[in-house]
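Down below is the structure, laid out as structure tokens.
When reading the values below, keep in mind they use all heavy atoms of this one structure, side chains included, and skip hydrogens, waters and symmetry mates. The sequence lines fix the lettering, A, B, ..., with proteins before strands; numbering per chain opens at 1.
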Amino acid sequence: MSQLQRHLRDRLLDALQGLGLSRTDAEPMLRLEPPKNREHGDVALGAFQLAKAMGKAPPALAAELAAAIAPDATVAAAVAAGPFVNFRFQRAALARDVLTDILQNAAPYGPAAKSKEVVCIDFSSPNIAKPFHIGHMRSTVIGTSLCRIHRHLGATVHGINHLGDWGMPFAKMMTAYMHWGDETELQKAPMRYMFDLYKRYSKEAKDNPALDDEAAKHFQALESGDDNKERRMWQFLRDESLKAFQGPYERLSVTFDAITGESFFEDKMEDAMQRVAKKGILETSEGAEVVTLKEQGIATPCLLRKSDGTTLYHTRDLAAVFYRESTYHPTRILYIVGAEQKLHFDQLKGVLVKMKEPIAAAVEHVPFGLVLSKNDEGKWEKFASRSGNAVFLDEILDEAVRKVTKVIAEKNPDLEDKDRIAEQVGVAAIVFNDLKNSRIKDVKFDWETMLNFEGETGPYVSYACARLSSILRKSEQSVPAIDKVDFSQLADAEKVLLVMLDFGTAVQRAAEQSEPSIVTAHTIALAGEIHSYLRDHHVLGAEPAVRDARLLLVEAARRLLVTGLSLLGITPPERM
RNA sequence: GCGCCCAUAGCUCAGUUGGAUAGAGCACCGGAUUUCUAAUCCGGCGGUCCCAGGUUCGAAUCCUGGUGGGCGUGCCA
């Protein structure tokens, strides 16, 4: 919360106390929000809850509050409008407060002081020996963004790549290799080659179920812990995969604090099983070991050991929860995993609840929608499913970069360092598009819309940054010192300033709801307001006092856009 | 069958947890450049908030029942 907002709250709490409501009672009901129509005021208070608590009619209370808040150096006006009280800040105070905080990198615009929150974020988690395709992108970019948002708010964050490097999919791959594989081909281009083998396996396994039995045997051999051919192959493919994933991760500016994949829990699963068994909730059903969760309204039991003795996804996730609990002591564990796996996490949490483990409360599935593309009939369908072909993320990023290169050739042919900027803007466009809507919504991936860089898009916000940078560059002076600026010159910038004022709440809400799109929306709003402002308010041509004040505004807007984008994992260019 | 999710302008979506006259972008139409980047800006057009009940001072938002679409539903992840 900014100084400005704190000041207003304080005065309101005083006023309410004067009207007979204690500060502690009033505090939680004092929800200041931007009015629907900004012409009403800068912030508004709906007096409904407060009035109820005080046994008054909302319009009456609103009138009393408005009367009790006399203008001061910060608050310009408090006006009752029916059950609402609308407040206006003094223009100079608004500008000074917001711009000072931004330029001094004070919270909420800069990082907050360390809090007690410890957040584990389990994200990206691709399967080894498979291409990094479009389907992995959502978890990766949402997860990265949430890591950055929580860090910004002062939490200790552990970003974890729970690599899919164990289990049946990998065993199937191995089976394919043992049937049709060729060592020299494999060494030449391991990822490509393994993917082709995997496709062949999927096709052949449909007519030949014996392949799956074979795969199960290989998995057993791998899980035996012996140093055998299965283990050596696993090691080789894991190393190659990590190397291959590095490419997309670098392009998306993604880093992890831990890469503890499923295999990491290989020697920790027995302990986890023991813990479950000790609680007396483990049952044997059809040869498998399960925990039933009917009493929690979950119809399907959670399988923890297959009838052939091997473990499952759930077993490893359970071991991972215990490991994270004792290693990190997290207050929240977020799983950035597609909505289609909701049942899996309900079951995981259900087992922990049945075990009466307090950590259960920290476990939180953060689901998101699918990536869809249009099929030949113009209907939306799952992207990767088209003729079994995965779409490589690199290809999509390349396509966006190509398109940006073309636009640069049209709009700004003299631009230096075109390739680097095209990469920056193109990747930003894709990431921005992914983080634009609520995560539960499916991403409709349509090349035409995707590569139309007009309107509310990554390039739109990037472009705003570039324009602002350009003005600062051309000013040929450093940004004026804050105490030298006459903030009353920025009375015409109220719309920009009010959006800036919303930043803190936006980031806060994004963290609470695990919803980066709230931050995305804020960057769009800020870019929009500053674009509009610049049309009618020239900076460099203005007289000195005005010019200085506007330069400060421009620098603050640029910095806040850069901060907002950085919370999304995007770095905007200085020119474009 | 059962469970979960989604449904708001022609299209893609917001709507700050129940509040003021439901907002953007795209598309379409019209306009803005001797001045800091027109990847921009300004204006116009466009609504049975899926349907039917209910809760209350007040519902796009909460509840119940439908409809349509998606996802999931014990030895994959």
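For B:rA77, neither phosphate oxygen OP1 nor OP2 lies less than 4.0 angstrom from any side-chain nitrogen or oxygen of A:Trp166. For B:rA39, one of the phosphate oxygens OP1 or OP2 lies less than 4.0 angstrom from a side-chain nitrogen or oxygen of A:Lys411. Distances shorter than 4.0 Å separate some side-chain N or O of A:Lys306 from OP1 or OP2 on B:rC76. Regarding contacts with the backbone of B:rA14, every side-chain N or O of A:Lys436 stays at 4.0 angstrom or more from both OP1 and OP2. Between A:Ser470 and B:rU37 there is a side-chain polar atom (N or O) within less than 4.0 angstrom of OP1 or OP2. For B:rA77, neither phosphate oxygen OP1 nor OP2 lies less than 4.0 angstrom from any side-chain nitrogen or oxygen of A:Tyr313.
Of all nucleotides listed (B:rC36, B:rA39, B:rC75), B:rC36 comes nearest to the side chain of A:Ile471. Candidate nucleotides B:rC36, B:rG74, B:rA20 were compared by shortest atom distance to the side chain of A:Val290, and B:rG74 ranks first. For A:Lys474, taking side-chain heavy atoms from C-beta onward, the closest of the listed nucleotides B:rA39, B:rC76, B:rC36 is B:rC36. In this structure, of B:rU37, B:rG72, B:rU16, it is B:rU16 that holds the atom nearest to the side chain of A:Pro34. Here the side chain of A:Glu33 is nearest to one of B:rU16, B:rA14, B:rU17, namely B:rU17. Distance from the side chain of A:Val425 is smallest to B:rA39 among B:rC36, B:rA39, B:rG31. Candidate nucleotides B:rG72, B:rA39, B:rA20 were compared by shortest atom distance to the side chain of A:Val404, and B:rA39 ranks first. Proximity note for A:Lys36 (side chain, C-beta onward) versus B:rG74, B:rG72, B:rA20: the nearest is B:rA20. Checking B:rA39, B:rA77, B:rG19 against the side-chain heavy atoms of A:Phe48 singles out B:rG19 as nearest. Taking every side-chain heavy atom of A:Glu456 into account, B:rG25 is the closest of B:rC76, B:rG25, B:rC42.
For the P atoms, the distance from B:rA20 to B:rU61 is 13 Å, rounded to whole Å. Across the P atoms, B:rC29 and B:rG72 are found 42 Å apart, a figure rounded to whole Å. Nucleotides B:rU21 and B:rG68 are separated by 35 Å at their P atoms, to the nearest Å. When the C1' atom is used for both B:rG54 and B:rC4, the distance is 24 Å, rounded to whole Å. The same atom, P, is picked in B:rA14 and in B:rU33; the two are 36 Å apart, to the nearest Å.
Nearer the 5' end of RNA chain B, as judged by each residue's closest nucleotide, is the contact made by A:Val443, out of A:Leu343 and A:Val443. Remark on RNA chain B: of its neighbouring residues A:Ala288 and A:Ala299, the 5'-side contact belongs to A:Ala299, judged by nearest-heavy-atom nucleotide.
In summary, the aromatic rings of A:His40 and A:Phe84 are positioned with their centroids too far apart to meet the 6.0 Å limit.
Here the C1' atom of nucleotide B:rG25 and the CG atom of A:Asn437 are 10 Å apart, to the nearest Å. Atom CG in A:Asp442 sits about 16 Å away from atom P in B:rC11, given to the nearest Å. Remark: C1' of B:rC41 and CZ of A:Arg467 are 8 Å apart, rounded to the nearest angstrom. As a whole-Å value, the separation of A:Lys441 NZ from B:rC4 P is 19 Å. Rounded to a whole Å, the CD atom of A:Gln341 is 10 Å from the P atom of B:rA77. Spacing between atom NZ of A:Lys56 and atom P of B:rC57 amounts to 20 Å, rounded to whole angstrom units. The distance between atom CG of A:Leu468 and atom P of B:rA39, rounded to the nearest whole Å, is 15 Å. Note: CZ (A:Arg31) to C1' (B:rU16) measures 8 Å, nearest angstrom.
Under the 30°/60° scheme for interplanar angles, the aromatic rings of A:His136 and A:His133 are found to be tilted. Using a 30° and 60° split on the angle between ring planes, A:Tyr533 and A:His537 fall in the parallel class, below 30°.
You won't find any donor-acceptor pair under 3.5 Å spanning the side chain of A:Thr300 and the base of B:rG3, going by distance alone. Between the base of B:rA22 and the side chain of A:Asn37 there is no donor-acceptor pair shorter than 3.5 Å.
At distances below 3.5 Å, at least one donor-acceptor pair connects side-chain atoms of A:Lys354 with backbone N or O atoms of A:Thr292. With hydrogens and angles disregarded, a donor-acceptor distance shorter than 3.5 Å links the side chain of A:Thr520 to the backbone of A:Leu435. Within the 3.5 Å criterion, the main-chain N or O of A:Val499 finds a donor-acceptor partner in the side chain of A:His522.
A:Arg550 comes within 4.0 angstrom of nothing in the nucleic acid, heavy atoms only. Among the protein residues, A:Leu312 comes within range of the sugar-phosphate backbone only, with heavy atoms under 4.0 Å from sugar or phosphate atoms but none that close to a base. A:Asn86 comes within contact range of at least one nucleobase, with a heavy-atom separation under 4.0 Å. Counting non-hydrogen atoms under 4.0 angstrom, A:Asp502 reaches nothing in the nucleic acid. Using a 4.0 Å heavy-atom cutoff across all strands shown, A:Pro367 reaches no nucleic acid atom at all.
A salt bridge does not link A:Arg575 to A:Asp414: none of the charged side-chain nitrogens sits closer than 4.0 Å to a carboxylate oxygen. A salt bridge does not link A:Arg316 to A:Asp122: none of the charged side-chain nitrogens sits closer than 4.0 Å to a carboxylate oxygen.
In this structure, B:rC71 forms a base pair with B:rG3, meeting either the Watson-Crick or the G-U wobble geometry with both donor-acceptor distances under 3.5 Å.
Remark: ring of A:Tyr460 not stacked against base of B:rA39; the cut-offs of centroid gap under 5.5 Å and plane tilt under 30° are not jointly satisfied. Under the stacking definition used here (centres under 5.5 Å, planes under 30°), the residue A:His531 fails to qualify as stacked on the base of B:rC41. In this structure, the aromatic ring of A:His344 is not positioned over the six-membered ring of the base of B:rA77 within 5.5 Å between centres and 30° between planes. We find that the ring of A:Phe84 and the base of B:rG19 do not stack by the test of centres under 5.5 angstrom and planes tilted less than 30°.
A:Arg547 has its side chain within reach of A:Ser475: a pair of non-hydrogen atoms, C-beta onward, lies under 4.5 Å apart.
Taking the syn range as angles within 90° of 0, the glycosidic angle of B:rU33 is outside it, so the base is anti.
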